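This report refers to the structure that appears directly beneath it.
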Amino acid sequence: MLKFGMSLGLHPPKEQWELAERVETLGFDSLWAGDHISFHTPLYESLTLLSTYAARTSRITIGTAVYLLALRHPTVAAKITSTLDVLSGGRLILGVGVGGENPEEFEACGVPHNERGARVNEGIEVLRVLWTQNPASFAGRFVKFDGVSIDPKPVQPGGPPIWIGGRSDAALRRAGRLGNGWVSYVVTPERYRQSLETIRAVAAEAGRSMQ
């Protein structure tokens with residue numbers, strides 16, 4: 001079944017919220033927000049923006065396409081996304097990606113540019129642990145904690161679906177191993193088909209099913 005979503009451009013707050021309400025009224029299925037800390041054009045912070053959409057809508061799915069998880073501490077991201085899932089009534093999809101086209105924002109956040117893939121992989125694990133375990137413990141390369149609880153937990157069982165963005169081989173493998181879905185990026189129909197085949201093959205190798 002086809003579903004239709006929309007990403008709104010930058011508008012003054014009142015106009016932004018009116019557009020979000022209008023998109024839901026028109027029957028669209030989802031509203032999406034892009035994400036950067038620093039970019040060549042002005043951009044609202046994605047989860048903050050989605051929280052305002054959640055407050056002014058009641059049905060439409062809200063999602064990030066895509067959230068640069070490597071630029072945030074995943075424990076903090078787990079708390080924010082859990083809260084947003086609760087406040088929206090379980091309507092959040094968390095699309096994540098590694099970014100990288102703007103190395104300056106990684107430098108500004110104190111994150112080595114060449115660690116972004118590893119940080120996203122580990123960050124996804126941290127999110128799911130904190131969303132589902134109470135208390136939770138984790139020992140990774142970048143994050144370690146013991147007996148930590150983040151409450152309230154998300155409304156959606158297991159937490160919001162995590163969709164992996166990107167078109168590189170690493171992104172496709174990440175989607176197959178760790179994702180609940182995939183966010184494609186500027187690909188031809190043939191490359192889209194090939195990418196889905198790769199994702200499904202990697203998922204099968206990992207004992208997972210990707211539709």
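The basis for the numbers below is simple: all heavy atoms, side chains too, and nothing from hydrogens, waters or symmetry mates. Note that the structure is a prediction, hence the values are computed from the model and not measured. Position 1 is the first residue of the sequence, and the numbers go up from there.
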Is it possible for you to say whether Trp163 and Val187 belong to one hydrophobic cluster, with membership spreading through side-chain heavy-atom contacts below 4.5 Å? no
Considering residues at least two apart in sequence or located in another chain, which fulfil the salt bridge (charged side-chain N to carboxylate O under 4.0 Å, His left out) criterion with Arg174? none
Is it the case that over 12 heavy atoms from other parts of the model lie below 6.0 angstrom from the CD atom of Gln194? yes
Residues passing the side chain to side chain contact (heavy atoms under 4.5 Å, CB included) test with Lys3, sequence neighbours excluded, are Met1, Asp29
Can you list everything that forms a ring-ring contact (aromatic ring centres under 6.0 Å, His included) with His113? Sequence neighbours excluded, please. Phe106
All side chain to side chain contact (heavy atoms under 4.5 Å, CB included) counterparts of Arg22, not counting sequence neighbours: Thr25, Leu26
Pairs in or reaching into residues 43-75: which pass ring-ring contact (aromatic ring centres under 6.0 Å, His included), with residues at least two apart or in two chains? none
Any donor-acceptor pair under 3.5 Å linking the side chain of Arg59 with the backbone of Glu24? yes
Using only heavy-atom distances, determine whether the side chains of Trp131 and Thr81 contain a donor-acceptor pair under 3.5 Å. yes
For Arg208, the salt bridge (charged side-chain N to carboxylate O under 4.0 Å, His left out) test, sequence neighbours excluded, returns none
Pairs under 3.5 angstrom only: tabulate donor-acceptor contacts from the side chains of residues 142-154 to other protein residues two or more places apart or in another chain.
unit_1: Lys144; atom_1: NZ; unit_2: Gly140; atom_2: O; d: 2.8
unit_1: Asp146; atom_1: OD1; unit_2: Ser137; atom_2: OG; d: 2.7
unit_1: Ser149; atom_1: OG; unit_2: Asn134; atom_2: OD1; d: 2.3
unit_1: Asp151; atom_1: OD1; unit_2: Lys153; atom_2: NZ; d: 3.1
unit_1: Lys153; atom_1: NZ; unit_2: Gln133; atom_2: O; d: 3.4
unit_1: Lys153; atom_1: NZ; unit_2: Ile150; atom_2: O; d: 2.8

Taken to the nearest 0.5 Å, the spacing of Arg119 CZ from Arg116 CZ works out to 12.5 Å
Looking at Leu47, is its backbone amide N or carbonyl O close enough to the side chain of Glu45 to form a donor-acceptor pair, meaning the two atoms are under 3.5 Å apart? yes
What pairs meet the side-chain hydrogen bond (donor to acceptor under 3.5 Å, both in side chains) rule with one or both residues in residues 82-94, with sequence neighbours excluded? Thr57-Arg91, Asp85-Gln156
Return yes if some donor-acceptor pair links the side-chain N/O of Arg167 with the main-chain N/O of Ser195 below 3.5 Å, else return no. no
With a 4.5 Å cut-off on side-chain heavy atoms, are Val23 and Ile60 touching? yes
Donor-acceptor pair, distance only, cut-off 3.5 Å: does the side chain of Thr64 make one with the backbone of Gly95? yes
So, taking the atom named OG1 in Thr48 and the one named CG in Asp35, what distance separates them when rounded to the nearest 0.5 Å? 9.5 Å
In the structure I gave you, are the side-chain heavy atoms of Trp32 and Ile93 within less than 4.5 Å of one another anywhere? yes
Any non-hydrogen side-chain atom of Ile164 less than 4.5 Å from a side-chain atom of Ile124? yes
Answer yes or no: is there a side-chain heavy-atom contact under 4.5 Å between Gln16 and Leu49? yes
Indicate, with yes or no, if Val76 and Val129 share a hydrophobic cluster defined by side-chain heavy-atom contacts under 4.5 Å among Ile, Leu, Val, Met, Phe, Trp and Tyr. no
How long is the gap from CD on Glu15 to CG on Leu10, to the nearest 0.5 Å? 9.5 Å
Is there a continuous path of hydrophobic side-chain contacts, each under 4.5 Å between heavy atoms, that joins Leu50 to Leu68? no
Please list, one pair per line, the donor and acceptor atoms closer than 3.5 Å that link side chains of residues 36-43 to other protein atoms, with sequence neighbours excluded.
unit_1: His36; atom_1: ND1; unit_2: Glu105; atom_2: OE1; d: 3.4
unit_1: His36; atom_1: ND1; unit_2: Glu105; atom_2: OE2; d: 2.7
unit_1: His36; atom_1: NE2; unit_2: Glu101; atom_2: OE2; d: 3.2

May I ask you to decide if Arg141's main-chain N or O and Glu122's side chain share a donor-acceptor pair within less than 3.5 Å? yes
What residues, two or more places apart in sequence or in another chain, satisfy ring-ring contact (aromatic ring centres under 6.0 Å, His included) together with Trp17? none
Carboxylate-amine/guanidinium proximity below 4.0 Å for Glu197 and Arg200: no
For a quick test of reading the model, state the closest non-hydrogen atom pair linking Val98 to Gly117 and the distance between them. CG1-CA, 3.8 Å
Measure the CG-OG1 distance between Asp169 and Thr198 for me, rounded to the nearest 0.5 Å. 7.0 Å
Just list the side-chain donor-acceptor pairs under 3.5 Å for residues 176-186, sequence neighbours left out, or say none.
unit_1: Asn180; atom_1: OD1; unit_2: Arg128; atom_2: NH2; d: 2.9
unit_1: Asn180; atom_1: OD1; unit_2: Ile162; atom_2: N; d: 2.8
unit_1: Trp182; atom_1: NE1; unit_2: Gly166; atom_2: O; d: 2.8

Should Leu196 and Val202 be regarded as members of a common hydrophobic cluster, given that ILVMFWY residues are connected when their side-chain heavy atoms come within less than 4.5 Å of each other, either directly or indirectly? no
Across all chains, not counting sequence neighbours, the salt bridge (charged side-chain N to carboxylate O under 4.0 Å, His left out) partners of Glu104 are none
How about Leu31 and Thr61: do any of their side-chain heavy atoms sit closer than 4.5 Å? no
With rounding to the nearest 0.5 Å, note down the distance linking CG in Leu69 to CG in Asn121. 9.5 Å
One should read off an interatomic distance between Leu92 CG and Leu87 CG, to the nearest 0.5 angstrom, of 10.5 Å
